Amino acid sequence: MLKYVLAGYFWILFLGTTAVLFTWDCLVYAYHRLFRPEKLSEACHNVAVLWGRTLFALGPAWSHEVRGRENLPADNAPYVMVANHTSSADIWALFLVGGQFRWLSKDAMFKIPLVGQAMRWAGYVSVTRGNKQSQYQAVETSREWIRRGISMTFFPEGTRSDDGRVKEFKSGAFKLAQEENVMIVPVVLRGTRDMLVKNSGFPKKAHLDIEILPAVRSLPNEDVKDFAERVRLMIASKLSTYN
């Protein structure tokens, strides 16, 4: 019985928060489109951050901790953030890290009512799996954000892990970091899989632990696949040793 109560509370919270903040996002969008267009995506991203943080603050029996913020570049230089991926709650989790960044997200996310429009206003980047032209354009758009001083965020596994183990990393985020000479910031997410299990509408009591690891650069003459694997092992080793 309790799981149905928690599920009902969560989905009412989710839909209510999304509707209220989308209304606010519309006002933010209209104001910045008219008077401060250069700050439009930044302002809309801030609304998205508020959305994620509100869900965590009011969520059903969820707690969280963010460690390692001192590992974020201190000079406001852009970077590429990468994290392991086990749950749709990972998206909300990374909003707790803070700062200005843009997502690379599968195109299906942009089709979700209200959420998809808010993502477009914030400047998040859509990619279609299996479509080489879409993948190329997504990388180029990500490159433009980096060059404008805005960080990019990737889930390099591509899809959520069913068993919690870190799958092979795709190389796109790491190639972008190499070509633009920016740091990779690895982030370890623990607990989101328990919060909202894949293909389940029933949230569970859980503690989210976010650990930001030291930023790394590609080594001289390091192959992009080796770079991706080095970072994957950093994240995987942290997951395996955490108590």
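This structure is a prediction, so every number in the text was calculated from the model and none was measured.
- Residues passing the side-chain contact (heavy atoms from CB on, under 4.5 Å) test with Phe110, sequence neighbours excluded: Ser105, Met119, Arg120, Tyr124, Ser126.
- A 6.0 Å sphere centred on CD of Glu168 holds no more than 12 heavy atoms belonging to other residues, nucleotides or ligands.
- By the 4.5 Å heavy-atom criterion applied to side chains, Leu213 and Val185 are not counted as neighbours.
- Hydrophobic cluster membership differs between Val139 and Leu104, with clusters built from Ile, Leu, Val, Met, Phe, Trp and Tyr side chains linked at under 4.5 angstrom.
- When side chains are defined from C-beta on, Ile184 does not count as touching Tyr79, because their heavy atoms never get closer than 4.5 Å.
- Using the six-membered ring where Trp is involved, Phe10 and Trp92 have ring planes that are tilted, between 30° and 60° apart.
- Residues satisfying the side-chain contact (heavy atoms from CB on, under 4.5 Å) criterion with Pro214, sequence neighbours excluded, are Asn71.
- In the hydrophobic clustering (ILVMFWY side chains linked at under 4.5 Å, chained through shared members), Leu219 stands by itself.
- Under the rule for a ring-ring contact (aromatic ring centres under 6.0 Å, His included), His32 has no partner lying at least two apart in sequence or in another chain.
- Applying the 4.5 Å side-chain rule to ILVMFWY residues, one finds Leu34, Phe35 in the same cluster as Tyr31.
- Heavy atoms only, all atoms of each residue included: Lys170 and Gly158 are closest at CE-CA, 4.0 Å.
- Put simply, the side chain of Met152 does not reach to within 4.5 Å of the side chain of Arg143, judged on heavy atoms.
- A side-chain donor-acceptor contact under 3.5 Å links His45 to the backbone of Phe101.
- Side-chain contact annotation: Trp51 with Thr17, donor-acceptor N/O pair under 3.5 Å absent.
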Quick one, Arg230 with Ser218, criterion side chain to side chain donor-acceptor pair (under 3.5 Å). Give me CA distance, side-chain angles, the key distance, then yes/no. CA-CA 10 Å; Arg230 178 160 62 92; Ser218 176; 5.4 Å; no

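- Between Ser134 and Val127, some side-chain heavy-atom pair lies under the 4.5 Å cut-off.
- In this structure, Phe95 and Trp103 have perpendicular ring planes: the angle between them is above 60°, well past the 30° mark.
- Side-chain N or O atoms of Arg69 include none that pairs as donor or acceptor with a backbone N or O of Gly98 at under 3.5 Å.
- Leu94 has its side chain out of reach of Asp90: every pair of non-hydrogen atoms, C-beta onward, lies at least 4.5 Å apart.
- Using a 4.5 Å cut-off on side-chain heavy atoms (C-beta onward), Val188 and Ile212 make no contact.
- Of the possible donor and acceptor atoms, one in the side chain of Ser237 sits under 3.5 Å from a partner among the backbone N and O of Met234.
- A donor-acceptor pair is defined here as one N or O able to donate and one able to accept, closer than 3.5 Å; no such pair exists between the side chain of Trp62 and the backbone of Thr192.
- Linking ILVMFWY residues whenever their side-chain heavy atoms come closer than 4.5 Å, directly or via other members, leaves Val49 and Tyr29 in distinct clusters.
- Shown here is Trp11, whose CH2 atom has more than 12 heavy atoms of other residues, nucleotides or ligands within 6.0 Å.
- In plain terms, the two heavy atoms of Lys225 and Asp223 that are nearest each other are N-OD2, 2.8 Å.
- Looking at Arg217, its side chain does come within 3.5 Å of a backbone N or O of Asn181 through a donor-acceptor pair.
- With contacts defined as side-chain heavy-atom distances shorter than 4.5 Å, the pair Val166/Glu157 qualifies.
- No hydrogens or angles considered: nothing links the side chains of Asn84 and Arg232 as a donor-acceptor pair under 3.5 Å.
- Considering all non-hydrogen atoms of both residues, Ala93 and Phe56 come closest at N-CE1, 3.4 Å.
- Side-chain contact check for Met81 versus Phe154: every heavy-atom pair is 4.5 Å or farther apart.
- With 3.5 Å as the limit, one finds a donor-acceptor pair spanning the side chains of Asn46 and Gln100.
- Using a 4.0 Å cut-off between charged nitrogen and carboxylate oxygen, Glu211 and Lys238 count as a salt-bridge pair.
- More than 12 heavy atoms of other shown residues, nucleotides or ligands fall within 6.0 angstrom of atom NZ in Lys167.
- Among all heavy-atom pairs drawn from Asn131 and Gln133, the shortest one is OD1-N, 3.0 Å.
- Here the closest non-hydrogen pair linking Gln178 and Val224 is OE1-CB, 3.5 Å.
- Here the side chain of Ser171 pairs no donor or acceptor atom with the backbone of Lys175 at under 3.5 angstrom.
- Remark: Phe227 pairs with Phe174 by the ring-ring contact (aromatic ring centres under 6.0 Å, His included) rule, at least two apart or across chains.
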